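In what follows, a single structure is set out as structure tokens and then discussed.
In each ligand, atom 1 is the first atom listed, and ligand 1 is the first ligand listed. Quick caveat, the model's predicted, so the values are computed rather than measured.
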Amino acid sequence: MSKKTAKPPAKKSSSKQPPKKPAKTQAKSAAKKKPKQPGRKGPTLAESADKFALYQRSVQSPTVDIEFFDAEFQKHRGRVPLSVREDFCGTALFSAEWCKSDARRTALGVDLDGPTLEWGRTNTFAAAPPDAVERVTLAQADVRDTSLPAVDLIVAMNFSYCIFKTREELRGYFAAARKNLVDDGVFALEVYGGTEAVVELSDERELRGGLTYVWEQEKFNPINHHTLCHITWKFRDGSQLYRAFTYDWRLWTLPELGELLREAGFSEVKFYFERVEADEDDDEYLTGTGEFVEHTEIENQEAWLGYVVALK
Ligand SMILES: C[S@@+](CC[C@H](N)C(=O)[O-])C[C@H]1O[C@@H](n2cnc3c(N)ncnc32)[C@H](O)[C@@H]1O
């Protein structure tokens, strides 16, 4: 099994700490920022940056996800999952990693946006072994399209299903996904929440190379749980990619997700949360271990990340 990539630390003190997007690196590995160089010629770091490459580096950790899905699928279904559909696949990083993880595996990445898929074909695929990439298919389609081929596992990572803002829309998506699963298929969603998921805030996390990832919750409406969030990157030369990505979401609660999955016909719904441990350097912090454990009850926390797993 490949080494698990740690997800970001959750702070256990009561000071302000937002829900975190999954990360490959810990905040503590940050390099010191250098001041902006006055009179510097040429493009700024922000001008020469690629937002999709930054996104993959900052919020995706597909090897951790795949290790979890593999183990859970085998536990519940007694066999290895081979075909996956990555919904809202964007640049198809998960799909490429899935096919790298086993020579028998295939992936179907589904996304509405042609240019984003094209970036994945040019860049994500170039970084993966050709024999793995040959087993990835990309479809420019709506994830609710039921004419897509049936697969063992469907995943919706990084909360993208939150674009569906009504119960009817979300139930419709879940029912369509269920229809496109084989008889013993599994559907998995990535979830986030906690008391700080429902407030307006901006949280910075330092990455290697003097790069800072900023997760901003600009608005949250308690009446309908609509939330407007952005990702910004700040660079060591003082430049920034301001609000490079914006998310206009409904933040669904776990009971709502469980109810809608059952209403869509799934037989069982399970909730998994990351096991955390005291940070080696600072016991004010809890560090994610990359290990996800099923729970029916959890402590009410400031920030949590998890998976919802639904069995057909
Ligand atoms: C936040 S990105 C997800 C990137 C990646 N899957 C991840 O794990 O981080 C959301 C993507 O969902 C796509 N999208 C939004 N609505 C969609 C729909 N109804 N069907 C398919 N793709 C959709 C957008 O084009 C965008 O590329």
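Taking a cut-off of under 4.0 Å to the non-hydrogen atoms of Cys89, the atoms of ligand 1 that pass are 5 (C), 6 (N). Every atom of ligand 1 with a heavy atom of Met157 under 4.0 Å away is listed here by number and element: 8 (O). Short contacts between ligand 1 and Ile163, defined as distances under 4.0 Å to a heavy atom of the residue, involve ligand atoms 15 (C), 16 (N).
Aromatic ring centres of Phe174 and Phe164 lie farther apart than the 6.0 Å criterion allows. A centroid separation of less than 6.0 Å is found between the aromatic rings of Phe220 and His225. The six-membered or imidazole ring of Tyr161 lies away from that of Tyr173, with a centre-to-centre distance of 6.0 Å or more.
Summarising the geometry of Cys99 relative to Ala132, their closest heavy-atom pair is CB-O, 3.4 Å, with the distance given to 0.1 Å.
Put simply, no part of Phe245 is less than 4.0 Å from ligand 1, judged by heavy atoms. Assignment of Ala141 to the shell around ligand 1 is supported, since a heavy atom sits closer than 4.0 Å. In this structure, Val59 does not count as a contact residue of ligand 1, since none of its heavy atoms falls inside 4.0 Å of the ligand.
The part of Tyr55 lying near ligand 1 is the side chain, judged by heavy-atom distances below 4.0 Å. Counting heavy atoms under 4.0 Å from ligand 1, residue Gln60 touches it through the side chain alone. Contacts between Tyr247 and ligand 1, counted as non-hydrogen atom pairs separated by less than 4.0 Å, involve the side chain only.
The closest non-hydrogen atom to atom 24 (C) of ligand 1, taken over Asp65, Asp113, Asp111, comes from Asp111.
Looking only at atom types and distance, the side chain of Thr232 has no donor-acceptor partner in the side chain of Gln240 under 3.5 Å away. Between the side chains of Glu72 and Tyr272, a donor-acceptor pair is found at a separation under 3.5 Å.
Around the CD atom of Glu299, the shell of radius 6.0 Å holds no more than 12 heavy atoms that belong to other residues, nucleotides or ligands.
Residue Phe164 places no N or O, backbone or side chain, under 3.5 Å from any N or O of ligand 1. Residue Thr116 has no N or O atom closer than 3.5 Å to an N or O atom of ligand 1. Residue contacts with ligand 1: Val110 is placed with no nitrogen or oxygen under 3.5 Å of a nitrogen or oxygen of the ligand (distance criterion only).
Glu256 pairs in a salt bridge (Lys or Arg N to Asp or Glu O under 4.0 Å) with only one of the listed residues (Arg171, Arg250, Arg262), which is Arg250.
Ring planes of Trp215 and Tyr192: perpendicular class, angle over 60° (limits at 30 and 60°).
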